[in-house]
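Residue numbers start from 1 in every chain, and the chains themselves are labelled A, B, ... in the order their sequence lines are given, proteins ahead of strands.
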Amino acid sequence: MLDVAFVRENLDAVRANNKNRNVTADIERIVQIDDRRREIISRKQVLEQKRNESSKLVGGEKDPAKKQALIAQGKEWREQIVKMDADLDQVEADLKAILMTIPNMTHPNAPVGTLAEDNKVIKAWGEKPKFDFKPKDHLAVAEALDLIDMEAGAKVAGQKFYFLKKEAVLLELALIQYSFDTLLRHGYSPIITPDVARVDVLEGIGFMPRGEGTQIYSLANTDLCLIATAEITLGGMHRDQIMEEAKLPIKYVGLSHCFRTEAGAPGRDTRGIYRVHQFTKVEMFVYCTIEESEKLHQEILGIEEEIFQGLGLPYHVIDTCTGDLGGPAYRKYDLEAWMPGRGDAGEYGEVTSTSNCTDFQARRLNIRYKSPKFKGTRFVHTLNGTAVAVSRALVAILENYQQADGSVIVPEKLRTWMRGQERIGPRK
RNA sequence: GGAGAGGUGGCAGAGUGGCCGAAUGCGUCGGUCUCGAAAACCGAUAGGGGUGCAAGCUCCUCGAGGGUUCAAAUCCCUCCCUCUCCGCCA
């Protein structure tokens with residue numbers, strides 16, 4: 001959420017930003033509503049002041065007639081205040097409703113555009129593997145090795161759920177260990193979060209758990225949702241807190257399961273575990289000062305690259321265009337790994353994503369910091385980034401490391417957590 | 001899940017209808033003292049909002065939301081959370 005005062009003072013910039021992001025919001029009304037809001041507040045305060053003053057007199061008043069008069073007067077003020085409260089509630093709800101539709105401002109260097117082609121490839125790393133056979137997609141590889149059972153997943157939980165089996169399980173555990181190991185070396189503090197969160201936390205982070213086409217599963221008869229990413233829980237962790245600047249940045253590496261309804265993506269990526277309803281993810285989350293967020297965004301991107309370089313998976317980095325940023329992000333980079341089994345001759349597929357959300361999430365979640373350097377408090381900046389989304393990493397590993405005989409080489413860095421195993425299969 | 005207790009400032013902890021945004025202690029910061037430090041003493045020490053050039057004035061906030069009242073940290077209701085005991089359980 002943006003600050004109302006900021007919107008008022010930067011109407012043109014906000015309008016232009018909305019356009020770039022392909023969002024329509026009635027920002028003109030914000031000024032009107034906010035004027036009205038301030039007016040009500042001012043008038044209400046005058047009454048409250050009078051009421052407070054006369055209330056103080058009641059106790060000391062000995063003359064019963066005068067006392068009754070004071071009480072009657074107070075009663076009248078209260079009634080007026082109650083009416084104004086109702087008006088104010090309405091106005092504030094209206095204001096919030098509009099503000100919730102406005103996305104974050106955008107980094108000046110983020111590519112402007114609303115089409116997939118407007119995303120900018122800013123870097124590529126690694127050699128795409130050369131095969132002297134037609135590479136299979138990850139599911140074909142996995143099924144030949146008895147690593148993934150989609151059918152059983154569908155039977156038990158529905159389409160796009162799956163069972164991991166045998167070395168696929170060990171690979172998941174190894175990927176978790178490997179990514180935690182990497183992040184610990186970078187000073188990130190390890191966390192395992194709940195897999196559910198309250199609706200208002202989801203909203204604070206910028207998800208829309210209610211309404212048609214939501215990505216979010218809700219739990220019946222509760223105000224809880226299954227989380228779509230640990231960003232939600234890691235960001236909610238410190239809500240309504242005021243931090244000391246000296247204690248920032250706070251860097252977490254969190255593990256959770258992620259649940260997504262994938263509404264609105266029917267028929268996309270239907271095969272295998274590229275797009276599924278549940279997966280395990282290791283997520284980075286950082287709270288920091290205003291000054292540090294850009295630097296830390298680069299750090300997170302660097303760590304994501306380090307992880308995929310360590311896995312020996314070719315990738316490129318995308319500077320996401322304005323139309324694809326999503327509400328909270330000020331800037332977003334995606335890592336797309338090469339997936340030789342995708343499409344006709346291989347395609348890049350998103351494996352990680354890192355966003356600098358500046359103060360957009362912190363404002364809604366009310367997470368601030370203070371410092372001797374300035375008066376009052378400021379909202380922290382929050383950043384998030386994927387260390388490893390296990391399902392997608394598995395896709396990339398299975399496809400890039402597949403061999404002519406159907407076996408799959410285990411990336412060297414993972415072997416420590418695979419009891420030294422170098423190769424999966426071939427099965428007899 | 002059952003029974004009970006409780007949620008107050010950075011922390012501990014008073015406060016059961018008005019003089020309470022809140023005693024006291026600890027902590028932190030500033031000062032006095034000292035060659036310096038400790039101790040002691042003095043002082044300061046929540047956040048948000050409205051208004052104003054500013055100084056200031058003022059409003060709101062004692063887990064959250066409602067209610068009663070001229071007036072609520074204090075009384076009532078709902079919810080959330082914590083603790084103790086019991087039950088169940090990985």
Chemist: Give the table of side-chain donor-acceptor pairs shorter than 3.5 Å for residues 74-92 of chain A, with sequence neighbours excluded, one pair per line with atom names and distance.
Modeler:
unit_1	atom_1	unit_2	atom_2	d
D85(A)	OD1	K44(A)	NZ	2.7
Q90(A)	NE2	D94(A)	OD1	3.0

Chemist: Any side-chain to backbone donor/acceptor pair from H381(A) onto E292(A)? Under 3.5 Å, distance only.
Modeler: no
Chemist: Considering every strand shown, what is the Watson-Crick or G-U wobble mate of rG4(B) when both distances are under 3.5 Å?
Modeler: rC83(B)
Chemist: Which parts of residues 32-42 of chain A get close to RNA chain B, meaning a heavy atom less than 4.0 angstrom away?
Modeler: R37(A), R38(A), I41(A), S42(A)
Chemist: Within the 4.0 Å heavy-atom criterion, would you say L57(A) contacts the bases, only the backbone, or no part of the nucleic acid?
Modeler: nothing
Chemist: Can you find a side-chain donor-acceptor pair between Q298(A) and Y333(A) that sits under 3.5 Å?
Modeler: yes
Chemist: Protein-nucleotides 74-79 of chain B N/O pairs closer than 3.5 Å?
Modeler:
none

Chemist: With no angle test and no hydrogens, is the base of rG49(B) tied to the side chain of Q45(A) by a donor-acceptor pair under 3.5 Å?
Modeler: yes
Chemist: Suppose you measure atom C1' in rC81(B) against the same atom in rU8(B); what distance do you get, rounded to whole Å?
Modeler: 15 Å
Chemist: Do Y369(A) and F374(A) have their ring centres less than 6.0 Å from each other?
Modeler: yes
Chemist: Near RNA chain B, counting only heavy atoms under 4.0 Å, which residues of residues 225-233 of chain A show up?
Modeler: none
Chemist: At a cut-off of 3.5 Å, list every protein nitrogen or oxygen paired with a nitrogen or oxygen from nucleotides 67-71 of chain B, distance to 0.1 Å.
Modeler:
unit_1	atom_1	unit_2	atom_2	d
rC70(B)	OP1	K75(A)	NZ	3.4
rC70(B)	OP2	R78(A)	NH1	3.2
rC70(B)	OP2	R78(A)	NH2	3.3
rC70(B)	O4'	I71(A)	O	3.2
rC70(B)	O2'	S55(A)	OG	3.2
rA71(B)	OP2	R78(A)	NH1	2.7
rA71(B)	O4'	S55(A)	OG	3.1

Chemist: Decide if the gap between the ring center of H238(A) and the ring center of F285(A) is smaller than 6.0 angstrom.
Modeler: no
Chemist: So, K281(A) and T229(A): side-chain donor and acceptor under 3.5 Å apart, yes or no?
Modeler: yes
Chemist: Could you give the distance separating rG4(B) and rC79(B) at their P atoms, to the nearest angstrom?
Modeler: 15 Å
Chemist: Can you name the salt bridge (charged side-chain N to carboxylate O under 4.0 Å, His left out) partners of D26(A), sequence neighbours left out?
Modeler: none
Chemist: Name the nucleic acid region contacted by R198(A), choosing base, sugar-phosphate or nothing; use a 4.0 angstrom heavy-atom cut-off, strictly under.
Modeler: sugar-phosphate
